[in-house]
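All values below were derived from every heavy atom in this structure, side-chain atoms included, with hydrogens, water molecules and symmetry-related copies excluded.
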Amino acid sequence: MPRVVVDVMPKTEILEPQGKAVHGALHRLGFDWVVSVRQGKRFEIEVEGDLTPEVVAGIERAAGSLL
């Protein structure tokens with residue numbers, strides 16, 4: 001079965017405290033070159049049949065409205 005990976009990130013105007021915490025920890029560990037960190041979510045969606053353009057468009061609609 002084909003699998004599609006959808007990475008969902010918060011909008012840039014949304015405060016993202018987990019990313020800020022990781023960013024601070026990286027700096028404390030000496031990774032001073034890190035400018036920013038944002039944490040998102042990853043969804044793996046398996047589809048039945050072929051991965052057609054219509055299926056991809058449907059996944060994009062689902063991601064935009066639900067994920």
Q. Hey, what do you get for CG (Leu67) to NZ (Lys41), rounding to the nearest 0.5 Å?
A. 10.0 Å
(Q) Hydrophobic cluster membership, with links at side-chain heavy-atom distances under 4.5 Å among I/L/V/M/F/W/Y: are Ile14 and Val37 in one? (A) no
Q | Point-to-point distance, once rounded to the nearest 0.5 Å, from CD of Gln39 to NZ of Lys20 | A | 14.0 Å
Q: Report the distance from atom CE of Met1 to atom CD of Glu46, rounding to the nearest 0.5 Å.
A: 6.5 Å
**Q.** Working for side-chain contact (heavy atoms from CB on, under 4.5 Å), residues Phe43 and Val5
**A.** CA-CA 6 Å; Phe43 296 87; Val5 175; over 6 Å; no
Q: Heavy atoms only: give me the nearest Glu16-Pro10 pair and the separation to one decimal.
A: CG-CG, 3.6 Å
(Q) Please check: side-chain N/O of Arg38 versus main-chain N/O of Lys11, any donor-acceptor pairing under 3.5 Å? (A) yes
Q. Among the clusters formed by ILVMFWY side chains lying less than 4.5 Å apart, do Val8 and Val47 turn up in the same one?
A. yes
Q: Answer yes or no: are there more than 12 heavy-atom neighbours, outside Asp7 itself, under 6.0 Å from its atom CG?
A: yes
Q.
Ile45 vs Val6, test: side-chain contact (heavy atoms from CB on, under 4.5 Å). Steps then yes/no.
A. CA-CA 8 Å; Ile45 301 172; Val6 178; 4.0 Å; yes
Q | Point-to-point distance, once rounded to the nearest 0.5 Å, from NE2 of His27 to CG of Asp32 | A | 6.0 Å
Q) Got a second to check how far Glu60's CD is from Ser65's OG, nearest 0.5 Å? A) 12.0 Å
Q) Just wondering, do His23 and Val34 contact through their side chains at under 4.5 Å, heavy atoms? A) yes
Q. Would Leu66 end up clustered with Ile59 when hydrophobic side chains under 4.5 Å apart are linked, directly or stepwise?
A. yes
